[in-house]
Each structure stands twice: as structure tokens, then as C-alpha cells.
Amino acid sequence: MSTFSDQLLNPDTWSGLMMGNHALVRAMLESGVQVATTYPGSPTPEIADAIRTIPDDQRPFYFEYSVNEKVALEVAFGASINGRLATVFFKSVGLNVAADSAVQLGLLNLIGGMVIILGDDPGANSSQNEQDNRHFARLAYIPMLEPATPSEAYHMFKEAARLSQKYQMPVFLRLTTHVCHARERIDFGEYRPQKADWQPRFDVKNGPYLPIVDRVFPLKRRLLRKMQEMRKEADASPFNTILQPTGPARTGEPKRGIIASSMPVLSLQENLARSEEGIDILQLNFSYPLPKKKITEFLRTHEEVLIVEELDRILEGEIKALAWDQDLRCKIFARRDDEELMRELGPERTWQILAAVWPESFAPRELSPPLAAASPRVAQMCPGCGHRSAFHAIQQALPDNAITVGDIGCHSLGFFEPYNMGQMLLCMGHSNGSAAGLALGNHERKVLAFIGDSTLFHAGLPGIVNAIVNDHNFTLVVMENGTTAMTGHQPHAGSGELSEKIAIRDLLETLGVKWLRSVDTYNQKRLREYIREALDVQGFSVVIAHHPCMLKFVRTQRRKGKYPDRKVHISQESCEQHYICLEQFGCPTFQRHEDGSVTVHADLCIGDGSCLQTCPVQAIQFPKKEDHS
Ligand SMILES: Cc1ncc(C[n+]2csc(CCOP(=O)(O)OP(=O)(O)O)c2C)c(N)n1
């Protein structure tokens with residue numbers, strides 16, 4: 001039976017059902033990518049998962065999890081100016097981290113080519129915002145391709161690689177959550193592996209590679225010229241095309257048209273297939289630089305044009321400006337409502353946009369109720385999670401008026417009831433800087449910040465160094481679980497899977513943290529004591545609260561055929577119904593019944609026992625040996 005990796009490496013043309021993220025890996029292989037880098041973040045982590053299914057000795061390119069997105073982008077850049085076709089992928093907000101380097105890339109000759117895959121997240125399914133990275137293409141003069149389907153993602157990666165090699169410049173491939181995760185039958189091309197060529201090709205003659213002082217202007221001039229050429233490519237691109245109406249046959253000349261890009265094109269097609277009217281769609285999936293000729297022609301040949309784009313009003317402004325410049329009489333419509341600037345534009349919401357503009361053709365309809373309303377659920381930490389144990393203990397040690405600063409990771413869930421911990425959030429690694437600011441001149445309220453171990457290496461260290469050198473007055477709790485849990489257990493510098501682990505304790509001591517304690521989070525008593533002591537310290541103090549991620553641990557055990565055979569139970573004789581297990585510890589395994597009794601859900605309990613210490617009357621127990629029948 002062929003494995004997934006065999007499929008990816010199949011030398012012949014073949015056709016198969018594949019997720020968008022996975023199809024990108026086949027495209028990388030076919031394009032001859034030599035270097036791929038990433039830092040994990042939804043919706044892109046499955047790209048790395050697919051790469052890792054290929055055994056090292058069969059994978060023809062170098063791959064690494066870099067410490068953050070900026071470093072990942074820089075490694076890909078270095079490889080590209082040395083002659084390698086490189087690619088880097090990360091989530092939407094990852095580009096903010098990488099931006100300081102990314103905005104220079106267009107100025108420089110990337111002789112090997114470079115494709116930057118962005119996982120944008122309309123709907124903020126797994127992000128702290130739904131930023132529209134199409135702005136970055138404009139900001140940095142980097143061409144952008146926006147596939148609408150997994151099949152397009154595959155084909156457009158190859159096109160992005162071709163363009164970036166031809167013009168020796170970076171190209172953005174912007175995917176959104178649906179495109180990353182949808183599955184589609186894709187016709188793949190041949191894969192003919194080339195012998196790896198690692199000849200170093202860096203040469204200053206290909207430069208200059210120093211965008212400083214007045215050298216910036218010739219570099220910018222060259223970039224603007226490249227963008228003119230790219231505009232011609234966009235005008236000729238098959239990804240920018242008029243989709244003929246699929247609904248009933250049209251009579252007469254086209255009157256109405258729609259300009260749209262990426263996934264909303266599919267929503268529109270679905271709606272138009274059901275409408276009586278034949279409306280042309282100009283699909284702009286090679287969306288920057290704008291294919292001016294094609295758009296002008298479309299505006300010239302239609303009396304009314306509606307622009308449909310997901311998130312911000314970018315195409316709208318540019319197309320309206322184009323129409324003004326060309327003195328075109330076409331009436332241009334766009335979304336009107338602020339609500340329409342948010343979340344994904346699926347078929348229902350797209351119908352609403354159509355109905356607002358052309359109500360006689362698209363009768364207004366009620367939206368279905370959101371799914372969340374049908375089954376409300378609270379975000380939960382997993383049974384056995386060390387973060388829960390830590391939050392429970394820390395909550396008992398904190399003064400009521402303490403200020404707690406969260407960071408990004410599974411421990412962000414501490415914000416929810418019953419812990420209420422981590423009262424603000426900006427982005428990965430912000431916690432130390434924000435806590436330092438909150439502590440300034442603050443003599444009344446203690447400040448406590450949290451950070452995960454992957455985040456500490458990613459963007460936390462500068463804030464920690466800042467706290468040390470300025471002796472800021474707050475306590476940092478490092479929530480160390482040995483993995484990048486929230487995004488799917490990727491390795492990091494402190495996990496020991498990439499290399500010998502960088503021990504956080506040693507690192508912080510070397511940096512000069514004067515007050516530092518380390519404790520297993522299951523030892524709630526000790527953790528409480530440490531937190532109390534730490535809060536009494538004048539200046540910067542650190543508690544490392546460690547426990548392995550139990551989801552990862554249990555999964556690994558199960559793969560070895562080991563299932564937790566030990567579960568806790570509640571002794572109904574001892575239970576006095578204090579409900580601390582439910583209301584303060586909050587493990588989802590505890591269930592309260594109508595008669596007030598509490599039991600343990602045996603399917604959820606992993607038998608970790610971190611809950612035992614939370615019961616004041618020791619009613620939570622492991623079965624005695626003789627009960628083990
Ligand atoms: C700039 C940026 N990159 C990536 C992510 C995706 N992401 C969310 S949480 C997280 C790290 C979680 O790992 P860790 O800090 O160890 O906390 P844990 O989830 O293990 O508790 C990542 C990479 C993000 N939100 N922002």
C-alpha cells in the first residue's frame with residue numbers, strides 16, 4: 001500500500017484527493033524547491049506535517065522549524081540570494097513578526113527565487129485578528145497570488161515559483177483558512193527530482209544587497225520596473241479570467257458583471273448558478289499588481305459592476321481609481337455594510353451582498369443562525385493539562401487586585417472561567433513588555449505575566465532581557481510544557497527534538513535573573529508558595545511552572561498501544577459537595593448531576609491525578625488495588 005509520502009514523491013502524473021496545505025508540498029517538489037522554512041501557526045501547520053512525512057533521505061530539500069517567522073524568512077532569503085529556490089510559510093500575523101525583513105525583499109535580487117506562503121484567517125478562526133495581508137503586498141511591492149481552491153493552490157505555487165525565479169523577486173501566495181484545509185481532487189504533474197545543487201552562488205555583482213542611503217533609490221526604481229513587468233504577467237495570467245455565467249443562457253449584451261478574488265469567487269458562482277440572470281465574473285486571483293488592461297476592458301463592456309472581496313476594501317479603491325483615471329462610465333457597486341468587512345464570504349453572505357445591490361434579481365433572504373448558537377461550548381484545557389493545575393494554584397496565591405498578563409498559547413485559555421487569568425493579550429511575546437509597563441509606578445497592585453516555552457524563544461526573550469536590565473517589578477510565570485502545544489505539538493528550541501534542548505532555567509540564569517524558582521505544576525502547594533514569595537520580591541522574578549503537555553504524552557502512549565488504565569473516581573461517601581473540582585479546578589471530566597452528586601467521566605479522565613489535591617475532603621481518589629478487577 002502506498003504511503004502518503006509515496007504519493008507526494010510519485011514521479012508520474014497522478015490524480016488524487018488532497019488538502020490544500022498538502023498539495024503545496026507536491027508543488028514544492030515539482031518546482032524544485034531547495035529550502036523551506038516555517039514557524040507553526042494556523043492555518044498552515046499541515047504544510048510542515050506533510051513535509052515531515054517524507055523521510056529525510058528522500059526529501060530533496062532542506063526543511064526547518066525556525067525560532068520565529070522573521071528568522072524563517074531570513075533563512076529563506078539567505079538561501080535565495082545564494083541561488084536556491086526557497087519558500088517560507090506561516091500564519092497571517094506571522095508576517096508582522098517577519099515584516100522588518102520582508103519589506104526589504106523586493107529591493108534585492110533574489111537570484112534563486114522565493115515564495116512566501118501566507119495563511120490568512122478571515123473569521124479569526126485561530127488568530128487574534130483577521131488582518132488582511134493584501135495590504136502588505138502593496139506596502140512592500142511584492143506580487144500576490146490568491147488561490148481559491150486546493151487545486152489552484154497547487155498550480156499557483158508553481159506559478160509563483162516561476163515568476164519569482166524569472167524576476168528574481170519574492171512572490172506572496174496568500175491562502176485563507178478554507179483554501180488551506182479544503183480537500184479537492186487534483187491532477188498533479190510529473191515530479192522529476194533533480195540532483196541537489198548546493199554550489200554557493202552568492203555574488204555581490206548580483207546585488208547590491210545593501211539598501212542603505214542613496215542606494216535605496218536605484219533599487220526602488222528597479223523594483224518599480226519589475227512591478228510593471230509583473231503587471232503584464234497579471235494581465236496575461238490565466239488566473240485572471242472572465243468566468244462565463246453557469247446559470248440560464250443569457251440573452252443580449254452583458255450588462256452586469258462582478259469583479260472578485262479568491263474564495264468569494266466560488267460563493268458567487270454557487271449563487272449565480274441559481275439565479276435567473278447571466279452575470280459575468282472577472283476572477284482576479286493574481287491580484288497584485290492589478291491587471292489594469294483586463295479590468296479596464298471589463299468595466300468598459302459592462303454597465304454595472306459589483307466588486308466582491310473578503311475583508312478590507314482594497315480592490316474597491318484601486319478599481320474605482322482606475323475607472324476614474326480612464327473616465328469610464330460604468331456604475332461600480334461594492335459592499336456597504338461594516339459587517340460585510342468581517343469574516344469569510346460564504347455563499348449565504350455573498351447572496352446578501354448581491355441582494356443589497358440587485359434586489360430585483362436576488363431576493364433578500366434571512367441568514368441561517370450561526371453554528372455557535374446551536375451548540376455553545378466553552379474553550380477548555382485538556383484533562384490533565386499542567387496549565388490548569390498551575391492556574392488553580394496561582395489563583396489561590398494571588399491577591400484579588402493583582403493584574404495578570406496573558407500571552408499566546410494554550411495558556412491563553414486561563415482567561416476563561418473559572419481561572420480569570422491573563423486579562424489582556426496583544427501578540428506572541430508581548431507579556432513581558434506589557435507587564436513592565438503595568439508595573440511602572442504601581443505600588444498597589446502586583447503584576448504577574450505568563451508565557452509559554454515556544455513563545456519565550458519566539459519573541460519573549462527581548463522582553464525578558466528588558467525586564468532584567470531595567471529591573472522591572474513583576475513576576476513572570478513560564479508555562480513550560482515542552483512543546484508548541486496550541487498549534488499541534490511542533491518542536492521548539494527548548495523541546496529537545498530539534499537538537500539538545502536549550503534549558504530555560506539555565507538560559508534565564510545566564511541572562512541574570514536573580515530570583516528564579518522551578519516547580520512541577522502538579523505540585524500545587526509548592527507552586528503557591530513560590531508565587532507568594534515571587535510577588536514579594538522587589539524587581540523581576542521568575543517561576544518556571546513545568547509539566548509535559550498531557551495531550552501529547554497520552555497520544556504518544558496510545559501510539560505505543562498503552563492506554564491509561566487508571567482513572568480517578570469520587571467517593572460518594574466522602575464527597576461533601578464543595579464543588580471545588582468543578583467550579584475552581586474546572587477539569588471537564590467532572591460532571592454534576594441533578595441530585596447534586598459529582599462523578600468522573602471515565603472516557604475523558606486520563607488518570608493524571610492532578611485533581612486529587614484540590615478536594616478538601618479527599619473525595620477524589622484512585623481506585624484501591626482490590627477495586628481493580
Ligand atoms: C506571530 C504568531 N505566530 C504563530 C502563532 C500561532 N501560535 C499560537 S500559540 C503558539 C505557541 C504556543 O506554544 P507555547 O508558547 O509553548 O504555548 P502552549 O500552547 O504550548 O501552551 C503559536 C505558535 C501566533 N499566534 N502568532
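Each ligand, and each atom within it, is numbered from 1 in the order the structure gives. Keep in mind that the numbers below use all heavy atoms, side chains included, and drop hydrogens, waters and symmetry copies.
Between the side chain of Asn442 and the backbone N or O of Leu438 there is at least one donor-acceptor pair closer than 3.5 Å. Asp453 places no side-chain N or O within 3.5 Å of a backbone atom of Glu480 that could act as its donor or acceptor partner. Between the side chain of Ser495 and the main chain of His492, a donor-acceptor pair closer than 3.5 Å is present.
Aromatic pair Tyr288/Phe172: centroids not less than 6.0 angstrom apart. Between Tyr522 and His547, the gap from one ring centroid to the other is short of 6.0 Å.
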Which donor-acceptor pairs under 3.5 Å do the side chains of residues 503-515 make with protein atoms, sequence neighbours left out?
| residue | atom | partner | partner atom | Å |
| --- | --- | --- | --- | --- |
| Arg505 | NE | Glu509 | OE2 | 3.2 |
| Thr510 | OG1 | Asp506 | O | 2.7 |

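The residues lining ligand 1, counting any heavy atom closer than 4.0 Å, are Tyr39, Pro40, Gly41, Glu69, Lys91, Val93, Gly94, Val97, Gln128, His387, Ile408, Gly409, Cys410, His411, Met428, Gly452, Asp453, Ser454, Thr455, His458, Asn481, Thr483, Thr484, Ala485, Met486, Thr487.
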